[in-house]
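Please read the structure below before turning to the comments.
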Amino acid sequence: MLFFFFFFFGWMHGGKMARKERGKEWREGRGGMERGQGGRGEGELGCGCPSAAPPPHTHTWPWCLRAGATMHLKKYLLKGLHRLQKGPGYSYKELLVWYCNNTNTHGPKRIICEGPKKKAMWFLITLLFTSLVCWQWGVFIRTYLSWEVSVSLSLGFKTMDFPAVTICNASPFQYSKVKHLLRDLDELMEAVLERILAPEHSDANATRTLNVTMWNYMPLVLINEQNPHRPVVLDLFGDIHNGSASSSPAPARSCTAHGCKVAMRLCSLNGTVCTFRNFTSATQAVTEWYLLQATNIFSQVPQHELVEMSYPAERLILACLFGAEPCSYRNFTSIFHPDYGNCYIFNWGMTEKALPSANPGAEFGLKLILDIGQEDYVPFLTSTAGARLMLHEQRSYPFIKDEGIYAMSGTETSIGVLVDRLERKGEPYSQCTMNGSDVPVRNLYSDYNTTYSIQACIRSCFQDHMIQNCSCAHYLYPLPRGERYCNNREFPDWAYCYSHLRMSVAQRETCINMCKESCNDTQYKMTISMADWPSEASEDWIFHVLSQERDQSTNITLSRKGVVKLNIYFQEFNYRTIEESAANNIVWLLSNLGGQFGFWMGGSVLCLIEFGEILIDFVWITIIKLVAFTKSLRQKRAQARYAGPPPTVAELVEAHTNFGFQPDVARPGPDPGTYPDEQTLPIPGTPPPNYDSLRLQPLDVIESDSEGDAI
C-alpha cells in the first residue's frame, strides 16, 4: 500500500525529463501493440503472448490473455519502480518555490512575488496568522475531545405501564417467633438500660445470670470526659480500662449523663487492638449495639427459617384493588430482605407481562389495606412503626432501605406518581453502562434475575471487600457461593473489621470508581398526602368487616395502630424524558476548523491537501538522498578493498578472456632509494598471446556470439 502511495505522488511531480521518458515509453508501447495486432512477432503469439506452450488441460485463448496481462503488469510495476527511484524530480528549494507559486493560500504567494521588504513583512504576517490558526485549532480540538454533553428535556404523552410496588413491614420479624433466639440478648439489653438509667438500683438484679460471652465480643462502655486530657473508660458491668488495675463495683454511679458518653468497644487480635465508636446519645448507642448482636444471631439461622418467622402475605395484605379489578396477596411476589424480612412486590414483571394503567387518577390506581401487626414488633430491634414501600421499574431489585418511604399506621396515604426517564450518552461521553457487563464487579443480585443498577454494584463491591478483609460476608448483603456469614463464634473480629471498613473513605471511593451508572433509567416522582383512616364514625364497622374477613371472628381483632391504607396512582400520563446529546460533534469541529483557517489565511481543504502533498514530497526527496548517500558509502567501502586504484574495464575484460594474464601490482608510490634518478622505471610485463583466438570456430558459434554481444 505504501509503495503505490509514494508511486502516485512521485508520478504527479516528475520533472520534464521524466515526462519525456513516459511519452517515449507510451509511444513505443503503442507501436508494439500495433505490431502485435498486425501479425505474430518472433517469440510471441498473435495476442502478444509468449510462444511457449500453454499448460496442459488449459484453453489457449484464456491462457494467452492471462499471460499478456501478467506481462503488462510486470512492465507497469517495473516502470513504477524506476519512477520511485527517480523521486519527485525537485530539490528542496525548487519544491518550496513551486509550492509558493502554485498554492491557493494567499500569504506564500506574496512572499515569492514581492520585493525584499514586503517579503519580510508578508513572511511575518503569514507566520503570525499560521500561529493563530494552530492555536485556535488546538482549542477547538481540546474542546471536542472533552466529550461534553448537552441535556434536553422533552415531554410525551402515552399510556404507561404501572410501576412495580414493593411493600414491607417496618419490623422484619414477629417477636413471638424469634423470642427464643433473642432471649439472652434481650436480658443483656435490659441490664444495660438499668445501668444507664438507674445505676443506684442496678445492684438489685446483680444475681441475674447474663450471657457474658456475648457481651465480651462487643461491650458498651462509658467514657468519662470530665478531664479531657485523660478520659476514663468504664465498663458498664464494672471494669475500668484506663490502664490501671483498679475496679469499681458500680462504675455508672461515678458517671452522670452530662459527664459521660456511651460508646461501643470493638477489638481484634484477642483484644490487643481496640477502637471505640462514639455516640452523642445512649439511644443511638444501644440501638446500634443491639443491631450488631442481632446480626450475629440471625446470620447463623437458615434463610427458610427466617422467612417463616417474618410476616406472611395473608396477614399483612388485607385488601387489594387495581383499577376496577380485585387482587389479593397471591398477585404479589415474595422476596426476603434482611432489614425488613418478607417483602412483597406487585407488578414485578418477572413471570407475567407488566400491567398498564388504564387512565390517570386515583380511581385507576392500586388500593391496598395493610395490617402491620404492631403489637408483635421486636421491641429493641425496631423503633419505627409503619409500612415501608417503594416504586421502581419492572425486573429491578428494590433497594427499599435507601429509596423507600414510610406510610404511617392509622392513615390513608395517597401517592401521585410522575415519570422521568433518563437517557445518558455512553462512552466516551459518560461512564455509564447498558447492562453492567463492562463493570469489573461481580453482581451478587443477579441471582434474582434483575437488571443492573449502581446500588447493586456498590453493595456487591462492599461485600467483596468484606470477604477480602474480614474473611466472611455480612448478613445484610447477598451471600456469594462458597462463603459464610460473619458471626462471633467463627469470626470473633468481624465487628471490628466491619466497622473499620464501613468508615473507610478509600473503600467507598474504590467502589464508586469501579461502578457505573445505568445509561437508561426511570425515576418515579411522588406527591404524598395523608389523612386519618378510618374516621371515628366509620372505625367500628370497618374493623368489624376486616376482622371477619381475615380471622372469621365477630370480635374486632384490628386496631388503628396496625392498619395502613395506600392509594397509588398516576397523576397524569405526561412523562418527561431527560436526554443527553453530544454538545460538540464532528460537524461542529470541522466547521470551526475550516472557519478559522479561511478567516485567518484564506485557505480551504484543498490547501491542506496541497500542504500534505508537499510534505510527502519533502519526505520522499529525503529518502532518495539517504539512499544515494548509502550507496556512496558502499562504493567507498568497495574501493577500500584494493591496495591501489581499482582495475580498469580493459583489465577486467582481459583477465576474463585470458587466464594467463597477470596485472601489475600497484604500489603506493615509487621508492626513491630503489630507483635512482638516472634509472628508468621497469616496463610493465607483456601478456602472453591468446592462442585460442588463432583457432577456427564454426560459423554458427561466431554468429551466436555476435548476436549475444549485440544484445
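Under 3.5 Å, the side chains of Tyr175 and Asp186 contain a donor-acceptor pair of N or O atoms. Between the side chains of Thr451 and Ser396, no donor-acceptor pair of N or O atoms lies under 3.5 Å. Checking Tyr377 against Asn169 by side-chain atom types alone, a donor-acceptor pair falls below 3.5 Å. There is no side-chain donor-acceptor pair under 3.5 Å between Asn584 and Thr143. At a cut-off of 3.5 Å, with distance as the only test, no side-chain donor of Gln463 or Glu483 sits close to an acceptor on the other residue.
Residues forming a disulfide bond (SG atoms under 2.5 Å apart) with Cys607 (at least two apart in sequence, or on another chain): none. Under the rule for a side-chain contact (heavy atoms from CB on, under 4.5 Å), the partners of Leu608 that lie at least two apart in sequence or sit in another chain are Trp137, Phe597. For the ring pair (Phe, Tyr, Trp, His ring centres under 6.0 Å) test, residues two or more places apart in sequence or in another chain that qualify with Phe162 are Phe322, Phe570.
Between Cys432 and Lys516, the closest side-chain pair of non-hydrogen atoms is not below 4.5 Å. Between Thr413 and Lys565 there is no side-chain heavy-atom pair separated by less than 4.5 Å. Looking at Met601 and Val133, their side chains come closer than 4.5 Å, going by heavy atoms from C-beta outward. Taking 4.5 Å as the limit, every side-chain heavy atom of Gln571 sits out of range of all side-chain heavy atoms of Val417. Between Leu590 and Ile586, the closest side-chain pair of non-hydrogen atoms falls below 4.5 Å. Ile345 has its side chain out of reach of Val165: every pair of non-hydrogen atoms, C-beta onward, lies at least 4.5 Å apart. Side-chain atoms of Leu318 and Arg550, non-hydrogen and from C-beta on, do get closer than 4.5 Å to each other. Here the side chains of Tyr344 and Cys168 are not in contact, with every heavy-atom distance at 4.5 Å or above.
The 12-atom threshold is exceeded at CE of Met350, counting heavy atoms of other residues, nucleotides or ligands nearer than 6.0 Å. Remark: Trp588 CH2 is packed, more than 12 non-hydrogen atoms of other residues, nucleotides or ligands lying under 6.0 Å away. For CD of Glu363, the number of neighbouring non-hydrogen atoms (other residues, nucleotides, ligands) closer than 6.0 Å is 12 at most. Glu536 CD: 12 or fewer foreign heavy atoms inside a 6.0 Å radius.
Using a distance-only test at 3.5 Å, with no hydrogens or angles considered, no donor-acceptor pair links the side chain of Thr382 to the main chain of Val378. A donor-acceptor pair is defined here as one N or O able to donate and one able to accept, closer than 3.5 Å; such a pair exists between the side chain of Trp147 and the backbone of Leu145. Judged purely by atom type and a 3.5 angstrom limit, Trp289 has no side-chain atom pairing as donor or acceptor with the backbone of Leu220. Put simply, the side chain of Lys367 gets close to the backbone of Ala362: a donor and an acceptor are under 3.5 Å apart. Under a 3.5 Å cut-off, the side chain of Ser538 and the backbone N or O of Pro534 do not form any donor-acceptor pair.
Taking the centre of each ring, Phe364 and Tyr569 stay at or above the 6.0 Å mark. Taking the six-membered ring wherever Trp is involved, the centroid distance between the rings of Phe462 and His465 does not fall below 6.0 Å. Checked against a 6.0 Å centroid threshold, the rings of Phe491 and Tyr496 do not count as neighbours. Checked against the 6.0 Å centroid threshold, His474 and Tyr485 do not count as a close aromatic pair.
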Could you go through Thr275 and His500, starting from their C-alpha distance and side-chain angles, then the distance that decides it, and tell me whether this counts as side-chain hydrogen bond (donor to acceptor under 3.5 Å, both in side chains)? CA-CA 9 Å; Thr275 185; His500 179 74; over 6 Å; no

Determine, step by step, whether Val307 and Asn342 satisfy the side chain to side chain contact (heavy atoms under 4.5 Å, CB included) criterion, reporting the C-alpha distance in whole Å, the side-chain angles of both residues, the deciding distance to 0.1 Å, and the verdict. CA-CA 6 Å; Val307 171; Asn342 291 339; 3.6 Å; yes

side-chain hydrogen bond (donor to acceptor under 3.5 Å, both in side chains) evaluation trace for Asn487 with Ser299: CA-CA 7 Å; Asn487 58 79; Ser299 63; 4.9 Å; no

Decide side-chain hydrogen bond (donor to acceptor under 3.5 Å, both in side chains) for Trp494 and Asn296; before the verdict, give the C-alpha distance in whole Å, the side-chain angles of both, and the deciding distance to 0.1 Å. CA-CA 10 Å; Trp494 77 271; Asn296 162 62; 4.8 Å; no

Show the numbers, then the answer: is there a disulfide (SG to SG under 2.5 Å) between Cys470 and Cys486? CA-CA 8 Å; Cys470 307; Cys486 299; over 6 Å; no

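Pairs engaging residues 310-331 under the side chain to side chain donor-acceptor pair (under 3.5 Å) rule: none recorded [sequence neighbours left out]. Pairs of residues two or more places apart, or lying in two chains, never qualify as disulfide bond (SG atoms under 2.5 Å apart) while including a residue from residues 554-596.
Scanning all heavy atoms of the two residues, the minimum distance from Tyr575 to Lys158 falls at CE2-CG, 3.7 Å. Summarising the geometry of Leu321 relative to Cys327, their closest heavy-atom pair is N-SG, 3.3 Å, with the distance given to 0.1 Å.
Sulfur-to-sulfur, Cys457 and Cys515 sit under 2.5 Å apart at their SG atoms.
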Distance-only check: which donor-acceptor pairs under 3.5 Å involve side-chain atoms of residues 420-430, not counting sequence neighbours?
from: Asp420; atom 1: OD1; to: Arg576; atom 2: NE; distance (Å): 2.8
from: Asp420; atom 1: OD1; to: Arg576; atom 2: NH2; distance (Å): 3.3
from: Asp420; atom 1: OD2; to: Arg576; atom 2: NH2; distance (Å): 2.6
from: Arg424; atom 1: NE; to: Glu517; atom 2: OE1; distance (Å): 3.4
from: Arg424; atom 1: NH1; to: Ser518; atom 2: O; distance (Å): 2.6
from: Ser430; atom 1: OG; to: Lys425; atom 2: O; distance (Å): 2.2

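In summary, of the residues considered (Tyr477, Tyr452, Phe399), a ring-ring contact (aromatic ring centres under 6.0 Å, His included) with Tyr445 occurs for Phe399 alone.
Comment: Lys177 does not engage Asp376 in a salt bridge, judged by the lack of any side-chain N to carboxylate O separation of less than 4.0 angstrom.
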